[in-house]
Amino acid sequence: MLAYLTILMTSIAGLAGAPVWTIAVTAIMLSSVSIVRHRQLYQRGRELGFAGQVDETIVKTALNASVATALAYGLGWVLRVL
């Protein structure tokens, strides 16, 4: 629920005309939510010797969060312009 709220806040920020750096802040928030939620799974993967795959998953999570927040901000900005 917190992740959806973060994405909603990003689109509202785009609609309100907040600065573009809001995308970076909300992407960090969204990545943090995901990492905290899956912390035990990441620790177990590292213990089993899958450190490379765990690190790759964390990087992909950050990239997905960046894309999601950029699209949400862009949608809010487009609605503001229209």
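Just so it is clear, the model here is predicted, and its values are computed rather than measured.
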Members sharing Val67's hydrophobic cluster, built from side-chain contacts under 4.5 Å between Ile, Leu, Val, Met, Phe, Trp and Tyr, are Leu71
Listed pairs under 3.5 Å, donor-acceptor, residues 75-82 side chains, sequence neighbours left out:
none

Which atom pairs, donor and acceptor, lie under 3.5 Å between side-chain atoms of residues 37-45 and protein residues at least two apart or in another chain?
residue, atom, partner, partner atom, Å
His38, ND1, Ser34, O, 2.9

List the atom pairs, donor and acceptor, that lie under 3.5 Å between side-chain atoms in residues 8-33 and the rest of the protein, sequence neighbours left out.
residue, atom, partner, partner atom, Å
Thr10, OG1, Thr6, O, 2.9
Thr10, OG1, Thr26, OG1, 3.2
Ser11, OG, Leu8, O, 2.8
Thr22, OG1, Pro19, O, 2.6
Thr26, OG1, Thr22, O, 2.9
Thr26, OG1, Ile23, O, 3.2
Ser31, OG, Ala27, O, 3.0
Ser32, OG, Ile28, O, 2.8

Which donor-acceptor pairs under 3.5 Å do the side chains of residues 50-57 make with protein atoms, sequence neighbours left out?
residue, atom, partner, partner atom, Å
Asp55, OD1, Arg46, NH1, 3.1
Asp55, OD1, Arg46, NH2, 2.6
Glu56, OE2, Lys60, NZ, 3.1
Thr57, OG1, Gln53, O, 2.8

So salt bridge (charged side-chain N to carboxylate O under 4.0 Å, His left out) across residues 5-21, not counting sequence neighbours, yields none
